[in-house]
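To start, the structure under review is shown below, and the notes come after it.
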Amino acid sequence: MNKELFEILKHSNNIVFFGGAGVSTESGIPDFRSNDGIYQAHKKYPYPAEVMVSSDFFYEHPDSFYEFYFDKMVYPQAVPNGAHLALAKLEKMGKLKAVITQNIDGLHQMAGNQEVLELHGSIHRNYCKSCHAFYDLNDMLKQKGKVPKCLKCGATIKPDVVLFGEALNDETIKKSIDYLQHADTLIVGGTSLVVYPAAGLLQYFHGNKLVLINRDCTDMDDSANLVIHEKIGEVLKEVVDAL
Ligand code: CNA
């Protein structure tokens with residue numbers, strides 16, 4: 001067990017977690033930038049992945065967008081791993097106040113976390129572009145293999161996911177900043193911290209302890225109080241179980 005992390009969490013009562021795709025790799029969902037990440041998947045497709053998850057691409061090539069989306073971004077069988085479950089436990093203990101995530105998989109909520117700020121939206125919410133009718137993930141999966149259409153008006157359905165070229169939700173940003181400004185400890189994990197504006201939010205943290213748990217190095221390693229280059233699911237589970 002990481003004793004330093006244990007001591008930090010033991011003495012923190014206003015923790016915020018900020019995470020990314022690396023939080024869900026232990027649930028079998030690939031991240032973007034690792035060797036086995038989604039960006040490598042472009043080899044199978046005629047366009048780079050960055051292009052295929054952009055807003056322009058969604059409107060110009062909805063068929064190719066959805067082929068890639070269902071193939072590489074939606075994992076309906078995935079379940080929470082040690083990281084998600086430990087964070088849910090920390091929230092129940094009253095120590096963790098919010099999870100701010102760049103993930104779109106909904107696994108934090110599935111683990112039991114109540115306050116989850118989804119900077120990049122969720123695959124579990126989908127809306128008709130014309131009449132705004134709501135569709136959940138199961139509704140979408142029923143139309144897998146084609147461009148999902150609204151059952152009421154026939155227009156194309158769009159996932160409530162922030163694609164490249166789209167703005168983040170103002171309210172989610174405001175709430176995230178508020179939590180970060182009031183936190184005593186910030187745990188950053190499973191993120192390469194290269195996607196903006198999400199990564200830029202970390203400047204609002206002025207608390208005591210910054211902990212980084214990421215398999216690879218990031219630009220923030222030098223400014224953290226504690227850096228752990230290990231699997232986040234294993235690290236968090238061990239430490240939170242001991243609290
Ligand atoms: P990224 O750029 O792919 O970085 C992931 C980081 O996580 C890398 O630095 C890895 O070293 C690290 N990592 C991978 N596995 C582990 C592990 N088990 N323990 C610790 N560290 C690990 O992903 P970011 O989140 O930084 O990029 C932001 C994108 C990714 C957002 O727009 C997301 O929407 C998008 N994304 C989300 C998901 C998901 O919802 N699960 C999956 C893939 C991509």
Side-chain angles (χ1 to χ4, degrees), residues 2 5 17-42 48-55 57-58 65 68-87 99-111 113 116-125 137 159-169 172-173 176 187-202 211-221 224 226-239:
N2 190 301
L5 180 60
F17 179 81
F18 179 98
V23 173
S24 294
T25 54
E26 287 163 74
S27 294
I29 304 179
D31 60 15
F32 268 178
R33 293 176 183 79
S34 294
N35 285 339
D36 51 356
I38 292 169
Y39 276 12
Q40 298 303 316
H42 73 81
E50 299 91 312
V51 171
M52 300 193 80
V53 290
S54 70
S55 171
F57 194 81
F58 171 80
F65 171 87
F68 183 80
Y69 180 76
F70 282 126
D71 185 22
K72 297 291 169 201
M73 295 178 74
V74 175
Y75 296 83
Q77 312 303 335
V79 291
N81 63 51
H84 302 103
L85 296 170
L87 291 167
V99 168
I100 304 171
T101 182
Q102 297 163 88
N103 292 350
I104 56 175
D105 54 36
L107 291 185
H108 286 295
Q109 289 93 330
M110 207 186 283
N113 274 99
V116 182
L117 299 169
E118 296 173 311
L119 295 171
H120 294 157
S122 172
I123 59 167
H124 295 277
R125 297 185 298 270
L137 182 58
D160 187 14
V161 164
V162 180
L163 301 173
F164 283 113
E166 292 178 341
L168 275 56
N169 178 278
T172 311
I173 293 183
S176 302
I187 310 172
V188 176
T191 172
S192 59
L193 292 173
V194 299
V195 175
Y196 281 77
L201 292 175
L202 298 184
V211 178
L212 246 167
I213 312 173
N214 205 58
R215 210 181 47 204
D216 299 310
C217 295
T218 71
D219 284 352
M220 267 185 78
D221 282 19
L226 174 63
V227 180
I228 305 172
H229 287 148
E230 290 170 40
K231 284 187 169 180
I232 190 165
E234 294 174 6
V235 171
L236 281 181
K237 181 184 181 328
E238 246 187 355
V239 170

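Note that ligands are numbered from 1 as they come in the structure, with each ligand's atoms numbered from 1 the same way.
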Closest non-hydrogen atom pair between T218 and T191, with its separation: CG2-O, 3.6 Å

Ring pair (Phe, Tyr, Trp, His ring centres under 6.0 Å) involving F65 - partner list, sequence neighbours excluded: F58, Y69

Cationic N near anionic O, under 4.0 Å, E118 to R125: yes

Listed partners of E166 passing salt bridge (charged side-chain N to carboxylate O under 4.0 Å, His left out), at least two apart: K158

N/O donor-acceptor pair under 3.5 Å between N103 side chain and D105 backbone: no

Near ligand 1, at a heavy-atom separation below 4.0 Å: residues by chain and residue number: G20, A21, G22, S24, T25, E26, I29, P30, D31, F32, R33, S34, I38, Q102, N103, I104, D105, H120, G190, T191, S192, L193, V195, N214, R215, D216, E230, K231, I232

Results of ring pair (Phe, Tyr, Trp, His ring centres under 6.0 Å) for F70 - residues two or more places apart only: Y66

